[in-house]
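As structure tokens, the structure follows; a few thoughts come after it.
Here is the naming used below: chain letters follow the sequence lines, and residue numbers restart at 1 for every chain. As a basis for the values below, the full set of heavy atoms in this structure was taken, side chains included, without hydrogen atoms, waters or symmetry mates.
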2 protein chains.
Amino acid sequence: MASRPKATILDIAREAGVSKSTVSLVLQGSDLIRPETALKVRKAIEDVGYVYNRGAANLRKAHSNVIGMVINDLTNPFFAEMAVGMERVFQSAGIVPFIANTAENPVRQEEVLKSLMEQGVAGLIVSPARGTTPGAFRRIETAGLPIVFTMRRLPESRIPVIAPDNHRGAWLATAHLIGKRHRRLAFFGGSSDLVVYHERLGGFREACEALGIAKRDTLVVEGETSRKGGIACLETALAMAEPPTAALCFNDAVAFGVMLALRKRGLEPGADFAVVGFDDVIEAQHYMPALTSVAVDSAGLGERAAHVMLKMIQSRTTRAEDHIGAVNLVVRDSCGPDRRAGMGDAA
Amino acid sequence: MASRPKATILDIAREAGVSKSTVSLVLQGSDLIRPETALKVRKAIEDVGYVYNRGAANLRKAHSNVIGMVINDLTNPFFAEMAVGMERVFQSAGIVPFIANTAENPVRQEEVLKSLMEQGVAGLIVSPARGTTPGAFRRIETAGLPIVFTMRRLPESRIPVIAPDNHRGAWLATAHLIGKRHRRLAFFGGSSDLVVYHERLGGFREACEALGIAKRDTLVVEGETSRKGGIACLETALAMAEPPTAALCFNDAVAFGVMLALRKRGLEPGADFAVVGFDDVIEAQHYMPALTSVAVDSAGLGERAAHVMLKMIQSRTTRAEDHIGAVNLVVRDSCGPDRRAGMGDAA
DNA sequence: TTGATTTATTGGAACGTTCCATTTATAGGC
DNA sequence: GCCTATAAATGGAACGTTCCAATAAATCAA
């Protein structure tokens, strides 16, 4: 019961009547060992309740087989799905990734990265926390540790990025709204300290311009990227003199918030006000009404990132191509045509 | 750029013109070192781009400061919240927990546990995967490693458990339904290989019996603990000769599925069929109609589990009290009275 | 000045592995 | 029988820390 001094390969060696080197070789599955000897050793390993000390091994081997995944928000199903996609790939490569959550806190992120590095990880996949300072990854870069970013990029960093085509996604969604006869459009949620925000907002703006929506007929409301943020955005938008009739939301959480706020005001999402989300989390298809959203295949991007990381480790390089994942607009029930525009047409 | 041989305390010592012992002491913040010397050393640390090798340190120190959290399903917001609760506690204790996902796969769980142990974790918090074999944790127990279970318990294990009061929660929810005049009740979702299932179903059964619902008027449908499972459960239930008018669901995901299936059949959840969930995930309050559910405070239980773990590590013990968390029923809009019963009364 | 005491610093062994260079045992060729 | 080739097993140094015991330097009491 009491934790006796834990067994080492020397204990195994004694138990099996061989040398520590032999035990080491058995542990590594070497074929230099006679099968009967290996069997004997394996039995001893069981008997003494041995657990391998990877720390000691890494001291000699230099390269571990653990990879760190640093996620900005695990409670967001979008990032959770991405993490699971990565895990799938690593599992089949015989690697156990350790996940750490930063909760969008750059300080926490710093601690987490430090700890992971001290642990001697072979590589790092990071979805950076909001407000990450540009220098936060310099230590890692100078250490020559393979690292990739997912979903988010940092302003002037040269670290490879695996992310969806935010610009095109926003463009598609905006074009869809315009195609439904909406003429006064809003962009809801997000804040300008995120590169993703600029990408999505940029797509929105360009689509508006290209498809003949005047700048004065567009409204941009920054806000939290959560349901609460969405609720707030809608409130401010509807308080305007000439409120928009449709909104592209920074992400699905914001969109859900907008739909809730509409309902609370007795308005029907889709019929009375069109809303499009971004990310297409699983909940999107289950909401009432089902949410039209830009699908980014988070799990697929996670897998991709994992593959890139594996290749980097294998080829001992610290460079890799960026990958911009395809997106597509999944049209559901949350954006009918602008009613007033419709009526105007018919009349 | 190319990864030069990484710096060690010896490099620092040379750079700063002191001995490695001095560097080691500085690293540990010892007050045996003259402040000016410490400063000099710290500068050298920066200059050579040193990263601490915890593996090497653990070789001597025996006790690491990393804790493993093994979660059965990170994509389930219920478990994600719990994980975040734990993290909060560990963070303020200066500990970085490593999270690993098992995706309800006992084989994967085995790998993950092995890897965590090899890494030399100081303790383990585990939410066991479904179908975990009873012997899966023997290695850990014999190693004398502190371990606690959260949310789920194993049949004959003596490992401490932090879990909600499932029995009472189910009792409360069932009583609520009966109080709403429902007389034919169902229990939807879950499967009997989970202890939690028996606890919740037991609460349901006892409440029925105590409050005068005959066993033949209750229906139990096993199923996946997901939306899909909920949909399937409702289908089979409504295909019965005398279908139930209300259901307690194994968890919220099942409840969401049931509500979706009702809508698909043109029935209104709440008015036409009452549904109660379990866990009270954040989405519950945002659904239409808002879901009545048994709140278990997953984040709180996570925090509790983390505290227990810290205490175990600190007191070098492997035993701890079980903790059964209080639950309470959050009544929202998803269960009106049985219409027929109501009409019968009025007539 | 000398010896005792305190304050800073240091060398060296130890931790549990891996892996190279050896040694020992086994087999084959003649 | 001896020599060589192959197969199997082994000892020892090294990896980067910590920490004890020891030393060196500074301070103090006499």
Side-chain angles (χ1 to χ4, degrees), chain A residues 3-42 44-45 48-66 114-115 117-122 143, chain B residues 3-42 44-45 48-66 114-115 117-122 143:
Chain A
S3 70
R4 53 190 154 192
K6 53 189 80 168
T8 76
I9 53 170
L10 280 143
D11 298 311
I12 300 170
R14 197 177 316 118
E15 181 84 6
V18 298
S19 79
K20 63 173 171 43
S21 304
T22 305
V23 177
S24 177
L25 289 172
V26 171
L27 248 18
Q28 297 172 73
S30 164
D31 54 358
L32 286 177
I33 302 297
R34 200 150 38 104
E36 337 159 28
T37 311
L39 213 69
K40 201 170 51 177
V41 171
R42 262 188 275 274
I45 289 177
V48 302
Y50 171 73
V51 356
Y52 184 74
N53 184 335
R54 202 172 287 281
N58 287 160
L59 214 46
R60 291 271 329 187
K61 276 202 306 193
H63 244 49
S64 77
N65 70 157
V66 349
K114 181 154 167 283
S115 178
M117 290 197 71
E118 291 180 354
Q119 222 55 231
V121 294
Chain B
S3 71
R4 55 189 152 190
K6 53 191 80 170
T8 74
I9 53 169
L10 281 142
D11 299 310
I12 300 169
R14 197 177 315 118
E15 180 84 7
V18 298
S19 77
K20 63 177 171 37
S21 303
T22 304
V23 177
S24 176
L25 288 171
V26 171
L27 248 18
Q28 297 169 73
S30 163
D31 55 357
L32 286 177
I33 303 295
R34 203 155 32 113
E36 337 160 28
T37 312
L39 213 69
K40 201 170 51 178
V41 171
R42 264 188 275 275
I45 289 176
V48 302
Y50 171 74
V51 356
Y52 184 73
N53 184 336
R54 204 171 284 280
N58 286 160
L59 215 47
R60 290 271 327 187
K61 276 204 306 191
H63 247 48
S64 77
N65 70 158
V66 349
K114 182 154 165 284
S115 179
M117 288 197 72
E118 291 180 355
Q119 220 57 231
V121 294

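To the nearest angstrom, C1' of D:dA25 lies 14 Å from CD1 of B:I33.
The CG atom of B:L32 sits 6.5 Å away from the CG atom of B:L25 when rounded to the nearest 0.5 Å.
By the 6.0 Å contact criterion, NZ on B:K114 is open, its count of non-hydrogen atoms from other residues, nucleotides or ligands being 12 or less.
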Would you give me the side-chain donor-acceptor pairs under 3.5 Å for residues 54-62 of chain A, sequence neighbours excluded?
{"unit_1": "A:R54", "atom_1": "NE", "unit_2": "B:E118", "atom_2": "OE1", "d": "3.0"}
{"unit_1": "A:R54", "atom_1": "NH2", "unit_2": "B:E118", "atom_2": "OE1", "d": "2.3"}

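Phosphate contact (OP1/OP2 of D:dA9, side-chain N/O of A:R34, threshold under 4.0 Å): present.
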Can you give one letter per nucleotide of nucleotides 11-20 of chain D, 5' to 3': B if a protein heavy atom sits under 4.0 Å from the base, S if only from the sugar-phosphate, - if neither? BBBBBBBBB-
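Screening residues 9-24 of chain A for salt bridge (charged side-chain N to carboxylate O under 4.0 Å, His left out) gives A:D11-A:R14 as the qualifying pairs, with residues at least two apart or on separate chains.
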B:S24 and B:S21: CA distance, side-chain angles, deciding distance, side chain to side chain donor-acceptor pair (under 3.5 Å) verdict: CA-CA 5 Å; B:S24 176; B:S21 303; over 6 Å; no
